[in-house]
Novice: 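My questions all concern the structure below.
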Protein chains: 2
Amino acid sequence: MRVLDEFFSSSGRRAHQHGPQYVELWRQLRHSTTGGKLFRPRMVFTAYDGLGGVDDEAVAWVGAAFELLHTALIVHDDVIDRDFVRRGLPNISGTYRDRALAAGAPQHEAEHRGLSAAVVAGDLALFYSYRLIDRSGVTGRRRRRVLDLMDDALFASAAGELLDLDYSGAISIPTVDSILTMARLKTAVYSFEGPLMAGAVMAGASDAVVASLEDFGRELGTAYQIVDDLLGVFGDAEETGKSTTSDLREGKRTVLVAHAASTEIWREMVPLFGSPTLSDLEADGLRAKLDQSGARAYAEALLAEHVQRARNVLARAEMPEALRAGLEPVIETVLRRGR
Amino acid sequence: MRVLDEFFSSSGRRAHQHGPQYVELWRQLRHSTTGGKLFRPRMVFTAYDGLGGVDDEAVAWVGAAFELLHTALIVHDDVIDRDFVRRGLPNISGTYRDRALAAGAPQHEAEHRGLSAAVVAGDLALFYSYRLIDRSGVTGRRRRRVLDLMDDALFASAAGELLDLDYSGAISIPTVDSILTMARLKTAVYSFEGPLMAGAVMAGASDAVVASLEDFGRELGTAYQIVDDLLGVFGDAEETGKSTTSDLREGKRTVLVAHAASTEIWREMVPLFGSPTLSDLEADGLRAKLDQSGARAYAEALLAEHVQRARNVLARAEMPEALRAGLEPVIETVLRRGR
């Protein structure tokens with residue numbers, strides 16, 4: 001993405017005065033930001049193009065801002081989850097941990113140095129995400145509204161991260177509603193609702209259209225979370241690149257698990273669910289019980305319901321045909337987990 | 001500080017919609033921000049008042065922004081240093097660690113939950129520090145310049161934190177210059193230079209005055225660091241509230257140590273310096289050797305030099321008498337370590 005390249009090139013040059021380590025940290029941050037699918041800028045552009053926006057330079061910076069916010073949040077989320085790998089490769093924590101190990105630091109120390117570098121890198125991404133809006137040149141009411149949307153996104157994601165911390169530390173299984181609220185706050189607001197609404201604001205859309213995009217984003221974000229939960233247990237590991245044992249081994253609180261926990265079968269699942277030594281065979285057993293409990297059918301019905309609601313939003317009178325045509329394929333992407 | 005109270009009250013009300021845990025996190029963040037000496041707002045106001053500023057409402061928000069940036073940086077610095085205490089009380093990490101321990105989590109897990117909550121809290125403080133500038137109502141060139149100053153401050157402090165990480169992980173002792181550069185980047189730019197310059201910009205000062213305040217801030221920030229290093233080893237623990245053993249026990253890279261490492265006596269100090277089991281008696285021995293090596297005299301002379309340079313800046317022709325009168329006492333405060 002051109003504007004992100006511009007931003008990282010100028011930041012890299014600026015970092016030079018403070019030594020090669022700092023240039024390297026910026027290089028790692030660039031790698032983390034531009035290596036993904038740039039889903040959030042695509043959401044911004046899809047809304048913007050579908051609403052006939054004409055200030056392409058400004059909107060590109062707004063898209064970049066949401067992507068940088070995403071980088072900040074995943075880099076710090078990886079710190080919180082003590083994850084050292086993302087998409088099969090070392091993330092920032094992992095890269096710095098591996099270097100400390102190579103330099104002879106003991107494992108625990110090396111891990112902490114990795115996490116520390118990631119705290120700093122995430123801080124930079126977070127600060128500059130907001131700052132990029134100023135680089136966009138947008139002014140007046142549009143600027144204020146886009147900044148408010150970024151504010152809402154960050155405010156929600158921090159709340160979601162905190163709920164996630166609470167849920168993963170608790171012994172009891174939260175309800176389906178609690179899990180979906182947490183996922184909405186932690187991910188959907190900044191990934192779907194915020195970018196779509198920001199694209200609409202930048203295109204000068206009416207308040208009714210902006211509000212409808214919030215509804216659409218919320219429904220689609222919820223659908224995304226359910227797809228993610230389903231694929232994490234019933235997916236094709238070769239296709240998704242994600243083991244179908246790890247969610248069960250980690251005891252991840254998903255829509256499936258929340259539903260199963262409200263049934264009689266749950267008692268049979270408790271001894272194995274979240275067991276760090278869960279084998280693939282034992283995972284097969286849990287998977288069969290999730291199916292048997294009705295959790296899979298429940299999640300699939302819930303998914304269909306949210307997708308239908310998203311489609312209903314697109315059918316509203318105020319939604320222009322071009323916007324509808326742009327957003328239809330996004331639903332398909334989410335169903336195929338193409339985020 | 002009124003504007004910080006306003007900001008935290010409205011954020012607390014807003015957090016309510018996302019549950020009591022989030023309200024509590026905001027309460028902890030407020031406590032961390034308003035419990036200190038508000039040194040950075042004081043720097044903003046001192047420059048502003050000394051230069052005849054008249055927009056008191058706007059400058060109050062700018063001062064609050066720098067204080068919130070400070071909160072963000074110390075909360076994340078405590079994560080990196082695995083510190084759970086600040087000013088003798090549990091910090092955010094410590095508060096959440098203690099709660100997790102009380103809820104039955106094992107020590108290591110509880111510590112990580114404490115650090116995780118602090119990552120989230122620091123993110124909020126960082127994001128809203130920049131955002132507060134928009135709350136100030138300042139517009140146009142002044143707004144851009146204040147935002148640039150906050151940008152420079154954050155950019156420098158991340159570089160300094162990274163250098164600090166490198167130095168504390170390395171076996172060799174950095175030079176005095178390296179240590180002072182690191183301290184300047186990590187702390188002085190956002191604590192002295194940035195706030196003083198921002199206050200001047202808000203008062204509509206000339207570029208010459210703003211540049212002189214940068215010089216003054218740099219000299220005073222360096223002096224502050226040297227005072228801190230001296231008091232950490234030779235101070236009166238009752239007066240400073242800080243043990244004079246801990247810097248030596250932690251192997252902290254200070255100006256004193258950097259100088260001593262360049263002398264013959266260092267060989268006698270190596271076996272004890274940074275020993276986690278260093279006794280107070282052994283610390284007395286190291287202290288005597290620091291004195292003997294000439295490190296103490298060197299640090300005191302260096303301190304006097306930077307204080308003199310700060311005074312020379314105040315004597316420059318472009319500095320108005322009121323500004324000089326406002327900043328003289330700040331030098332005294334720093335020498336008495338009243339930050």
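Side chains included, hydrogens not; waters and symmetry mates left out as well; all remaining heavy atoms used. Throughout, protein chains are lettered first and strands after them, A, B, ... in sequence-line order, and every chain is numbered starting at 1.
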Novice: So which part of B:Asp164 gets closer than 4.5 Å to some heavy atom of chain A, the side chain, the backbone, both or neither?
Specialist: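 Neither part.
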
Novice: Go through B:Ala117, B:Gly19, B:Ser168, B:Ala158 and name the one with the most non-hydrogen pairs under 4.5 angstrom from chain A.
Specialist: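 Between B:Ala117, B:Gly19, B:Ser168, B:Ala158, the count favours B:Ala158.
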
Novice: Which region of A:Ala15, side chain (C-beta onward) or backbone (N, CA, C, O), has a non-hydrogen atom less than 4.5 Å from a non-hydrogen atom of chain B, or is it both or neither?
Specialist: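 For A:Ala15, backbone and side chain are both near chain B.
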
Novice: For the pair A:Asp215 and A:Arg218, find out whether any cationic side-chain nitrogen is under 4.0 Å from an anionic carboxylate oxygen.
Specialist: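 Result for this pair is yes, salt bridge flagged.
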
Novice: Are the side chain of B:Arg253 and the backbone N or O of B:Gly251 linked by a donor-acceptor pair below 3.5 Å?
Specialist: yes

Novice: Under a 4.5 Å heavy-atom cutoff, which of A:Gln17, A:His18, A:His76, A:Arg82 has the most pairs with chain B?
Specialist: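 Maximum pair count with chain B is reached by A:Arg82.
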
Novice: When you measure from the side chain of A:Arg249 to the backbone of A:Leu278, do you find a donor-acceptor pair of N or O atoms at a distance under 3.5 Å?
Specialist: yes

Novice: Where does B:Leu165 contact chain A at under 4.5 Å (heavy atoms): side chain, backbone, both or neither?
Specialist: both

Novice: List the atom of B:Ala153, the atom of B:Val189, and the distance in Å for their closest heavy-atom pair.
Specialist: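 B:Ala153 and B:Val189 have their closest heavy atoms at CA-CG1, 3.8 Å.
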
Novice: Does B:Arg131 pair with A:Asp148 as a salt bridge, N-O distance under 4.0 Å?
Specialist: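 Answer for the salt bridge query: yes.
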
Novice: Would you mind telling me which of B:Leu163, B:Thr181, B:Leu73, B:Asp123 has the largest number of heavy-atom pairs within less than 4.5 Å of chain A?
Specialist: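 Sorted descending by pairs with chain A, the first entry is B:Asp123.
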
Novice: Sort out for me which of B:Val79, B:Asp77, B:Leu124, B:Leu147 touches chain A most, counting heavy-atom pairs under 4.5 Å.
Specialist: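 Top count of heavy-atom pairs under 4.5 Å with chain A: B:Leu147.
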
Novice: So which part of A:Ala105 gets closer than 4.5 Å to some heavy atom of chain B, the side chain, the backbone, both or neither?
Specialist: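 Neither the backbone nor the side chain of A:Ala105 comes within 4.5 Å of chain B.
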
Novice: Looking only at heavy atoms and a cut-off of under 4.5 Å, which of B:Glu109, B:His112, B:Gln21 has the most pairs with chain A?
Specialist: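 Option with the greatest count: B:His112.
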
Novice: Just so I understand: if I count every heavy-atom pair under 4.5 Å between each of B:Thr139, B:Leu115, B:Leu126 and chain A, which residue has the most?
Specialist: B:Leu126

Novice: Tell me which of these, A:Leu185, A:Asp166, A:Leu154, has more heavy-atom pairs under 4.5 Å with chain B than the rest.
Specialist: A:Leu154

Novice: Looking at B:Ala156, B:Ala159, B:Gly160, which has the largest count of heavy-atom pairs under 4.5 Å with chain A?
Specialist: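 Top count of heavy-atom pairs under 4.5 Å with chain A: B:Ala159.
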
Novice: Parallel, tilted or perpendicular for B:Phe7 and B:Tyr128, by the 30°/60° rule?
Specialist: tilted

Novice: With a 4.5 angstrom heavy-atom cut-off, is it the side chain or the backbone of B:Arg143 that approaches chain A, or both, or neither?
Specialist: side chain

Novice: Just by distance, do the side chain of A:Asp83 and the backbone of A:Val85 share a donor-acceptor pair under 3.5 Å?
Specialist: no

Novice: With respect to chain B, which residue among A:Leu25, A:Asp151, A:Val120 yields the maximal number of heavy-atom pairs within a distance under 4.5 Å?
Specialist: A:Asp151

Novice: One thing to verify: whether B:Arg144 and A:Asp134 come together as a salt bridge, which I'm taking to mean a side-chain N less than 4.0 angstrom from a carboxylate O.
Specialist: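 No, this pair does not count.
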
Novice: Would you say the side chain of B:Tyr167 lies within less than 4.5 Å of the side chain of B:Ser178, judging by non-hydrogen atoms?
Specialist: yes

